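Quantities reported herein were computed from a predicted structural model and do not represent experimental measurements. Quick note: numbers below take in every heavy atom, side chains included, and nothing from hydrogens, waters or symmetry partners.
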Amino acid sequence: MRRTAKAAAAVAGISLALAACGDSGTPNEPAAQTSAPTANPADIKADLTWWDTSDATNEGPAFKELIAEFNKTYPNVKINYQSVPFGEAQNKFKTAAAAKSGAPDILRAEVAWVPEFASLGYLYELDGTELTADAGDFLAAPVGSTKYNGKTYGVPQVTDSLALMYNKKLLNDAGITAAPKTWDELKAAAATIKEKTGKTGVYLNPQGYFMLPFIYGEGGDLIDPEAKKITVNAPEAVTGAEKEQELLKSPGFAKPPATDAYAAMMNEFKAGNAAMIINGPWEVNNIKGAATFGGLENLGIAPVPAGSAKAGAPVGGHDYVVWSGMPQEKAAGAIAFIKFMASAESQAKLADKLGLLPTRTSAYDKVSNPIISEFKPVMEVAVERAWIPEGGKLFGPLDEAATAILVQGDDAQKALDEVARKYKTEVVKDYSTQ
């Protein structure tokens, strides 16, 4: 049974259309336009539900402020804002979309979710709408995450990558004048900081996503989508995991706990007890609000250190997507809302307030937050992930391996062989193995 036929809408005098993706992942044929163009925003009426998966405390208030600004221009488009925990949103959306009941009209989707949801027929195709009219203003990597089978199913909201974040005062107190550029330099700096200040030099989060800079640094990756090959247990990936394991046993590195390591890492960094961490721009506002850290003027940002092959961290971020079950009479309001939220002006405001990285090139000219410019070299070495429907499922097995290797001290080759086995049997069954 095919899903809703193409819904037509008009915003700001331009004819628009949203095409629902069928269960097979193929968009339906266009239907005739059902409403006349309108230039008056007050004439657009809709009652929309938006699931915001950002941090409810550190980021949510800023998005609510943007909604209030949007309603000054579009008073008759009601946005029912719902904060949904990030860890629950993916499965919650899939369950609701499959049941054709309870799904939000608009979702803030993690970049890996978009091709998966599109392949299941849960998203509207956005090609031909005003939302893709200025696609050239968006950075290439974020745009890549919105595609499935050559069609567009999302609008990039924010982008990010992992960086080396450091406490400038602690490095200065230890006599370290520049951020480490290699893992060996990081190892030496950690020992020096511990010796001269008594503080922890480096706190690493033992999760799969945070292991990627070590894997990329040796020239490895999780999969090769072009060759349809599983590479997570290839020599390069194993060497990267072994390098991180080696560092965690070195002087000045914190021994992470098996649970809640991320929270422990952030607490130690914000308290000024750990000099360096690897994390992303989503934590800038959190660090800014920590009275014990010393303000953003004490925060240093640098690309992740390099391994033997290169420096590289994964591209992350979030996109706005529209549920394919949304009634067509809401299309004009949904397009107007996403267009406003994804505008260069809105992205610049979020960058200034939260430190989130814009996905629009033009937004960077409007940003005054100096932290954003410090992330530019970070993004220059960012590695684009494989945008496949199964992409979001790659990290469960990798998280288990990261805990085994980095917390329990298990053999890296053995742990990553198990990840490869799970990829083959549960995730990308048509891929070949090493």
Side-chain angles (χ1 to χ4, degrees), residues 3-21 27-28 30-54 60 62-84 89 92-93 96-97 99-109 114 117-118 121-134 146 152-157 318-343 345-347 350:
R3 294 189 184 274
T4 313
K6 182 174 272 189
V11 177
I14 300 177
S15 296
L16 305 167
L18 292 175
C21 180
N28 293 325
Q33 185 172 315
T34 58
S35 59
T38 175
N40 185 359
D43 290 341
I44 298 176
K45 299 179 181 180
D47 194 328
L48 300 166
T49 297
W50 178 39
W51 282 7
D52 178 18
T53 59
S54 71
F63 289 109
K64 291 180 181 179
E65 289 178 11
L66 284 181
I67 291 173
E69 288 188 31
F70 168 76
N71 281 138
K72 292 178 182 178
T73 303
Y74 295 90
N76 295 314
V77 179
K78 181 182 179 182
I79 306 299
N80 299 303
Y81 175 92
Q82 294 182 15
S83 178
V84 179
K92 189 174 181 179
F93 179 82
K100 301 181 181 179
S101 176
D105 300 300
I106 300 167
L107 171 72
R108 175 186 182 265
V114 179
F117 293 167
Y122 295 161
L123 303 180
Y124 271 118
E125 178 197 328
L126 303 179
D127 290 303
T129 74
E130 193 172 349
L131 295 177
T132 58
D134 55 354
T146 69
T152 305
Y153 292 95
V155 177
Q157 183 204 45
H318 293 82
D319 301 327
Y320 294 106
V321 298
V322 182
W323 176 40
S324 59
M326 183 191 74
Q328 72 173 49
E329 59 266 23
K330 294 185 179 184
I335 290 173
F337 177 64
I338 294 174
K339 182 183 177 184
F340 175 86
M341 297 294 283
S343 68
E345 292 75 16
S346 293
Q347 290 195 11
L350 292 175

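Distance CG/Asp43 to NZ/Lys45: 7.5 Å, rounded to 0.5 Å. Here the CG-CH2 distance, from Leu48 to Trp323, works out to 12.5 Å after rounding to the nearest 0.5 Å. With rounding to the nearest 0.5 Å, the separation of CD1 in Ile338 from CG in Leu126 is 6.5 Å. Taking CZ of Phe340 as the start and CD1 of Ile79 as the end, the distance is 10.5 Å to the nearest 0.5 Å. Atom CZ of Phe63 sits about 4.0 Å away from atom CD of Gln157, to the nearest 0.5 Å. The line from NZ of Lys330 to OG1 of Thr49 is 6.0 Å long, rounded to the nearest 0.5 Å.
Inter-residue side-chain proximity for Lys64 and Asp52 is flagged as unmet; no heavy-atom pair is nearer than 4.5 Å.
In this structure, Phe70 and Phe337 have perpendicular ring planes: the angle between them is above 60°, well past the 30° mark.
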Test side chain to side chain contact (heavy atoms under 4.5 Å, CB included) on Leu107 and Thr53; report intermediate values, then the result. CA-CA 8 Å; Leu107 171 72; Thr53 59; 4.2 Å; yes
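The two atoms that bring Met326 and Ala334 nearest to each other are SD-CB, 3.9 Å, heavy atoms only. What you find for Ala62 and Leu350 is that their closest heavy atoms are CB-CD2, 4.0 Å. Considering every non-hydrogen atom in both Phe93 and Phe117, the closest pair reads CD2-CE1, 3.5 Å. When all heavy atoms of Ala342 and Pro156 are compared, the closest pair comes out as CB-O, 4.3 Å. Residues Thr132 and Asp127 come closest through the heavy atom pair OG1-CA, 3.9 Å. Closest approach of Trp50 and Arg108 over heavy atoms only: NE1-N, 3.7 Å.
Evaluation of the side-chain contact (heavy atoms from CB on, under 4.5 Å) rule for Lys78 yields Asp47, Asn80 as partners, not counting sequence neighbours. Listed by chain and number, the residues in a side chain to side chain donor-acceptor pair (under 3.5 Å) with Asp134 are Arg360 (sequence neighbours excluded).
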